[in-house]
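Here's the structure, in structure tokens; my notes come after.
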Amino acid sequence: MAKNTLYNKVWDAHSVATLPTGQTQLFIGLHMVHEVTSPQAFDMVREKGLKVMYPERTFATMDHIVPTRSQKRPFLDPQAEAMMQAIERNTEEFGVTFLNFETGKQGVVHIIGPELGLTQPGMTIACGDSHTSTHGAFGTLAFGIGTSQVRDVLATQCLAMDPMKVRRIEVNGTLRPGVTPKDVILYIINRLGVKGGIGFAYEYAGDAFDSMTMEGRMTVCNMSIEGGARAGYVNPDDTTFEYLKGRDHSPKGEEWDKAVEKWRSLASGPEAEYDEVVRYNAEDIQPMVTWGITPGQSIGIHQTLPRPEDYDDSGERQSIELAYKHMKLKPGQRPDEIKIDVAFIGSCTNGRIEDLRAAAAVVAQGIKAGKKVAPGVTAFVVPGSMQVRKQAMEEGLHTIFQDAGFEWRGAGCSMCLAMNPDQLKGDQISASSSNRNFIGRQGSPSGRTLLMSPAMVAAAALTGKVTDVRQFPAA
Amino acid sequence: MSKIKKIEARGVPVVGNDIDTDRIIPARYLKEITFSKMGDYPFYDERFTPEGKKKDHSFNKPEYQGAGILVANSNFGCGSSREHAPQSLVRWGIRAIVAESYAEIFAGNCVMLGTPAVVASKDDVAAIQKWVAANPEAQLVLDLEAMILKVGDHSYKITMPETRRNALLEGTWDSTSLLLANKDKIEAIAASLPYMAWTQD
Ligand code: SF4
């Protein structure tokens, strides 16, 4: 059992009671709500004749279903419009703040929480979405929940939870040029497996995380769930506090100083004990790309696609064979032999301003070398939030993308899960900065997804095939 | 809430590791604002071609219609937290799941619906899948008190987290009322958390 870690401190501070089942009743400090997993939950609260217990701790937005080309209401898709009206009605009736287009703060739920300073160290955070683990970047305990649990948090601000184990994942040394936080987490998932994290919270630590920006830490924590870990976190430090200072909902004045003092005390100290510790060298990590149908089926850009015979576990081999069948790829192929049809930059993994800057830097290099989006490739950029979009436009990033032939869109989840008009067609293959390459994930049952960093997606868009981003060194 | 102690039903195997919730229910069916029609959609894209023709999938086979115990492999239900996934299985007729392992959010969602998601060893799951395929008409008996799954003449040992088992056995798997019973304690914890007092503007 882990002791004295941030996980333990936050868990204990939020433990309300032990339930008759033996589970812990855990208080939830921040509840984020989006349009897809909440309508049934609000209905259940209504049916039980209950209210939202802490409406001021609950924030809603819309992201999954919103179109990104024209965001005019009513939406063209009647189902999307009905879903919008449901969240409007529900937030109004239950007194929940709704961050819609009019507020200028709409965006992917895991992008706007941190951006608005709602996400703060030491909190417990829940949302009806598995990538809630993103918020762990701030030293929170944040996890995705199902709709019946959304009901519980709405009605009681609590969840019935089983405790987790804690695995500390250290990455020490210095990341090589061109290697991004996305590559780090793809590497970790490749090593520990897509179910390696079941039962664990991941604590990310070591030099690589100490020197990583908050946005990079969010990218890593975001994909904890792809490694099976329901939560992942980085201990709060000066980088965290600097990011939070002055944000809309951050504490101000004297409260700020007290908050920082409190937050500092939450970090796992030298006395912390873990259920497990694993260590990796930052220098071993190369730009990564997935080739299969789980986020763990990835290789370094300099490697070749694996051979099923090399896996002795029959289940693993079966999964790899299914992956080859679906992806229409061959063992031994080099990544740069894989041509792409679509390039998607966005999502709660990589739809923040630093991601857009990194991608734009590659595109700018390409433009200098006379390149544009390769013929036959559809390329588009979807900022994670309205505020990210605004910032990017102030920096002129949109014109760099547009000059090269990328489309510049409104904020939303877009082709990350394709519950909106942004979908692959037939067996198109995408280079995507999102987090899931599951069969059918991007809207077409036979569609194929290659996950990589946003800079790598930009490089692939320019060449029309998977490309080592280091061919476009940042100026 | 009903107490769930024993489930007797026919089995249906779904073979393969890492079957994610996008495969269990494609995102386009998440556009509906109620769960009422979810029973039409489980494994939709694995069961039907884009033109609507039936593919080879156990949920399509006549011998498994009316089955209630799903037998799956490892990391079942990984990926998205969508409760639509267990909802679609349950509304299709699944009342319990036996697998080598589950993604946690999925297993938790199952319990919230009063559906046991129990674990059996890899070898046992393989044997059960094989047996069910040969005897699709036979009843399996999942006994949550004895933690045993009876399959023909065999009894297989099954496991699940004790807390979740208690919730099912005691009929407290719909947790809202349990949580609400501690209203005073909720307020006490809320008052003890520094961030609850910070000015929000
Ligand atoms: S961007 Fe993708 S992973 Fe993130 S919340 Fe939206 S759909 Fe989910």
Side-chain angles (χ1 to χ4, degrees), chain A residues 13-14 16-17 19-23 25 27 29 36-37 39-40 48 56 65 79-80 82-83 86 120 122-123 128-130 144-149 151-152 155-158 160 162 194-195 198-199 228 230 249 251-252 255 259 262 294 315 318-319 322 417-419 436 438-441 445, chain B residues 16-18 20 22-23 26-28 30-35 45 50 73-75 78-84 86-87 100-105 108-109 112-113 122 161-164 166-167 170 172 174-176 178-180 182-183 185-186 188-190 192-196 198-201:
Chain A
H14 291 80
V16 173
L19 294 167
T21 56
Q23 284 181 298
Q25 176 165 355
F27 185 85
V36 177
T37 55
Q40 299 88 344
K48 286 180 186 279
E56 71 281 11
I65 210 164
Q79 274 186 306
M83 193 160 254
Q120 296 171 11
M123 280 182 176
D129 192 283
S130 58
I145 55 178
T147 293
S148 296
Q149 291 177 306
R151 170 203 64 200
D152 281 357
T156 73
Q157 202 63 30
C158 290
D162 287 313
V194 287
K195 53 176 185 266
I198 294 178
R230 197 170 184 180
H249 290 267
K252 313 255 153 44
E255 281 179 346
K262 173 78 196 164
T294 77
Q318 231 175 35
S319 162
L322 177 64
L417 95 168
M419 265 190 80
R436 286 189 174 140
F438 299 152
I439 294 175
R441 172 75 178 180
Chain B
N17 291 341
D18 306 322
D20 58 76
D22 277 79
R23 277 166 75 185
R28 59 183 182 281
L30 275 51
K31 289 202 217 167
E32 296 179 13
I33 56 175
T34 71
F35 287 134
D45 289 340
N73 298 94
S74 89
N75 201 25
C78 59
S80 158
S81 62
R82 58 187 71 166
E83 191 172 300
H84 306 68
Q87 287 276 0
E100 292 167 38
S101 63
Y102 302 90
E104 276 179 297
I105 302 179
N109 283 343
M112 298 293 280
L113 305 182
K122 186 173 165 167
E162 203 51 27
T163 49
R164 291 185 179 157
N166 290 339
E170 290 159 18
T172 52
D174 178 346
S175 37
T176 315
L178 277 190
L179 297 170
L180 264 187
N182 292 321
K183 191 151 191 293
K185 288 185 187 158
I186 299 175
I189 284 287
S192 76
L193 293 166
Y195 60 79
M196 295 292 283
W198 291 334
T199 336
Q200 298 267 327
D201 39 35

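Chain naming here is simple, since letters A, B, ... match the order of the sequence lines and numbering starts at 1 in each. Basis for what follows: all heavy atoms, side chains included, without hydrogens, waters or symmetry-related copies.
No other option in A:Gly440, A:Gly128, A:Gly29, A:Gly228 has as many heavy-atom pairs under 4.5 Å with chain B as A:Gly29. When the candidates B:Pro194, B:Gly79, B:Ser74, B:Pro50 are compared by the number of heavy-atom contacts under 4.5 Å with chain A, B:Gly79 comes out ahead. Chosen from B:Pro86, B:Pro161, B:Ala190, B:Gly16, the residue pairing most often with chain A at heavy-atom distances under 4.5 Å is B:Ala190. Among B:Arg82, B:Glu32, B:Gln87, the residue with the largest count of heavy-atom pairs under 4.5 Å with chain A is B:Glu32. Among A:Ala155, A:Gly144, A:Ala86, the residue making the largest number of heavy-atom pairs under 4.5 Å with chain B is A:Gly144. Comparing B:Lys185, B:Met112, B:Lys31, B:Arg23 by how many heavy-atom pairs each has under 4.5 Å with chain A, the most go to B:Lys31. Ranked by heavy-atom pairs under 4.5 Å with chain B, the list A:Pro20, A:Ala418, A:Ala80 is led by A:Pro20. Note: B:Asp20 leads B:Asp45, B:Asp20, B:Thr172, B:Asn166 in heavy-atom pairs under 4.5 Å with chain A. Residue with the most contacts toward chain B among A:Ile439, A:Val16, A:Ile145, A:Leu417: A:Val16 (heavy-atom pairs, distance under 4.5 Å). Contacts with chain A were tallied for B:Glu170, B:Glu162, B:Arg28, B:Met196; B:Met196 has the most, counting heavy-atom pairs under 4.5 Å.
Interface remark: A:Arg230 contributes backbone and side-chain atoms alike to the contact with chain B (heavy atom separation under 4.5 Å). At a 4.5 Å heavy-atom cutoff, B:Asn73 makes no contact with chain A through either its backbone or its side chain. Contacts between A:Leu19 and chain B at a heavy-atom distance below 4.5 Å involve the side chain alone, from C-beta outward. In this structure, chain B has a heavy atom under 4.5 Å from the side chain of A:Leu322, while its backbone stays farther away. Neither the backbone nor the side chain of B:Glu100 comes within contact range of chain A; no heavy atoms are under 4.5 Å apart. With a 4.5 angstrom heavy-atom cutoff, A:Thr294 touches chain B only via side-chain atoms. For B:Ile33, the parts lying near chain A are the backbone and the side chain together; criterion is any non-hydrogen pair under 4.5 Å. Interface remark: A:Arg151 contributes side-chain atoms only to the contact with chain B (heavy atom separation under 4.5 Å). For B:Ala188, no part lies near chain A; criterion is any non-hydrogen pair under 4.5 Å. In this structure, chain A has no heavy atom under 4.5 Å from any part of B:Pro26. If you measure heavy-atom distances from A:Thr147 to chain B, the contacts under 4.5 Å come from both the backbone and the side chain. Contacts of A:Ile65 with chain B are made by side-chain atoms alone, with heavy-atom separations under 4.5 Å and no backbone atom involved.
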Given B:Asn17 and B:Asn75, is the side-chain hydrogen bond (donor to acceptor under 3.5 Å, both in side chains) satisfied, shown in steps? CA-CA 6 Å; B:Asn17 291 341; B:Asn75 201 25; over 6 Å; no
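The minimum heavy-atom distance linking A:Gln25 with A:Cys158 is given by the pair NE2-SG, 3.4 Å. Heavy atoms only, all atoms of each residue included: A:Pro251 and B:Trp198 are closest at CG-CE3, 3.8 Å. Between A:Thr21 and B:Leu178, the shortest heavy-atom contact is CG2-CD1, 4.3 Å. Nearest heavy atom pair, residue A:Gly146 against residue B:Glu83, reads C-OE1, 3.5 Å. When all heavy atoms are compared, the tightest approach of B:His84 to A:Thr37 is CE1-CG2, 4.5 Å. Across every non-hydrogen atom of B:Asn182 and A:Ala17, the tightest pair is ND2-CB, 3.6 Å.
The ring-ring contact (aromatic ring centres under 6.0 Å, His included) test applied to A:Phe27 returns A:Tyr54, not counting sequence neighbours. Every residue two or more places apart in sequence or in another chain was checked for a side-chain hydrogen bond (donor to acceptor under 3.5 Å, both in side chains) with B:Ser101, and none qualifies.
In this structure, A:Lys48 and B:Asp174 have side chains that are in contact, with non-hydrogen atoms separated by less than 4.5 Å.
In this structure, B:Lys183 places its NZ atom where only 12 or fewer heavy-atom neighbours from other residues, nucleotides or ligands lie under 6.0 Å away. The neighbour count for A:Lys262 NZ, taken as heavy atoms of other residues, nucleotides or ligands under 6.0 Å away, does not exceed 12.
Under the 30°/60° scheme for interplanar angles, the aromatic rings of B:Tyr195 and A:His14 are found to lie parallel.
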